[in-house]
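Contents: one structure, followed by commentary.
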Amino acid sequence: MPNPALLWALLLLFWLVPGGSSLAEPAFDSPPERDSAGFFSLDWSGAERFELEQATGPDHADARIIYRGSDTSTTISGLSDNTYRFRIRAEGAETWSDEAVVVVEHHALSRAFLFFALGAAVFVVLLLAIVRGRKLA
């Protein structure tokens, strides 16, 4: 017959050692609220394997899984101007545990052309300064 003290010690040991349950509830780590650069990162923690879902509506009717695996971050790019909702859960779990809402608003095209024109002007000024400096030497 096994020693009851040994059985209690093993039971206590299993109870005290933190478990690595793959169904722990994951959570996002400081998701961005807005994006104008055209890309952003989502980071999360809390489980061994994850499912990440993307949707545009608050009811997630148009949701689709964009990632499954064990990575704890992903970079999102290529989205048009809109409000996007991301949910995450442990792979195999039935309920989604966390949501991040990111508003994508790209820079206006006029602003992009302004930056392009300023860059071109700086390039021309530098080119003229180099050519003029070479003639003086």
Side-chain angles (χ1 to χ4, degrees):
M1 178 160 183
N3 183 349
L6 180 62
L7 291 176
W8 280 109
L10 287 173
L11 182 62
L12 181 63
L13 180 65
F14 284 120
W15 183 68
L16 290 176
V17 173
S21 172
S22 63
L23 297 180
E25 288 200 14
F28 289 107
D29 300 330
S30 304
E33 294 178 7
R34 303 185 94 56
D35 171 62
S36 60
F39 64 93
F40 58 92
S41 291
L42 292 175
D43 304 306
W44 57 83
S45 60
E48 291 177 12
R49 295 191 56 82
F50 305 90
E51 292 181 333
L52 177 64
E53 179 184 78
Q54 174 185 318
T56 55
D59 58 354
H60 288 263
D62 64 341
R64 63 186 181 95
I65 302 289
I66 60 171
Y67 175 74
R68 273 192 186 100
S70 59
D71 287 345
T72 57
S73 68
T74 189
T75 299
I76 308 290
S77 65
L79 300 178
S80 57
D81 290 358
N82 204 344
T83 299
Y84 294 91
R85 299 170 189 289
F86 299 91
R87 295 193 301 188
I88 192 163
R89 68 181 174 187
E91 192 173 49
E94 294 197 20
T95 58
W96 297 96
S97 60
D98 199 5
E99 180 180 71
V101 178
V102 180
V103 177
V104 175
E105 293 177 324
H106 292 93
H107 294 293
L109 193 56
S110 60
R111 187 180 210 184
F113 282 133
L114 173 65
F115 288 140
F116 177 75
L118 287 173
V122 168
F123 175 76
V124 168
V125 168
L126 285 173
L127 188 62
L128 290 174
I130 291 170
V131 168
R132 186 171 180 204
R134 186 171 185 122
K135 286 182 183 178
L136 294 176

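The figures that follow rest on heavy atoms only: side chains count, while hydrogens, waters and symmetry mates do not. Remember, predicted model here, so these are calculated numbers, not experimental data.
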Nearest-0.5 Å distance that lies between atom CZ in F113 and atom CG in L118: 13.5 Å
Spacing of OG1 belonging to T75 relative to CZ belonging to F39, to within rounding of 0.5 Å: 8.0 Å
Provide the closest heavy-atom pair for L42 versus P32 in the form atom of the first, atom of the second, distance. CD2-CD, 4.1 Å
If you define the side chain from C-beta out and look only at heavy atoms, does anything of I76 sit under 4.5 Å from Y84? no
Could you label the plane-to-plane angle of the W44 and Y67 rings as parallel, tilted or perpendicular, counting under 30° as parallel and over 60° as perpendicular? tilted
Using a 4.5 Å cut-off on heavy atoms from C-beta on, say whether the side chain of R49 contacts that of S70. yes
Main-chain N/O of D29 paired with D43 side-chain donor or acceptor, under 3.5 Å: no
side-chain contact (heavy atoms from CB on, under 4.5 Å) partner of F28, the single match among P31, S30, P26: P31
Candidates E99, Q54, R85 - the one meeting side-chain hydrogen bond (donor to acceptor under 3.5 Å, both in side chains) with H60: E99
Distance, nearest 0.5 Å, that separates CD1 of I88 from OG1 of T74: 10.0 Å
Check step by step if side-chain contact (heavy atoms from CB on, under 4.5 Å) holds for F50 and D71. CA-CA 8 Å; F50 305 90; D71 287 345; over 6 Å; no
To the nearest 0.5 Å, how far apart are CG in L52 and CZ in R87? 11.0 Å
Minimal non-hydrogen separation, E53 against A63, with atom names: CD-CB, 3.2 Å
Quick one: CD on E105 to OG1 on T83, what's the gap to the nearest 0.5 Å? 7.5 Å
Taking the side chain as everything from C-beta on, heavy atoms only, tell me whether V104 gets closer than 4.5 Å to D35. yes
Value for CZ (F40) from CZ (R34), rounded to nearest 0.5 Å, stands at 12.5 Å
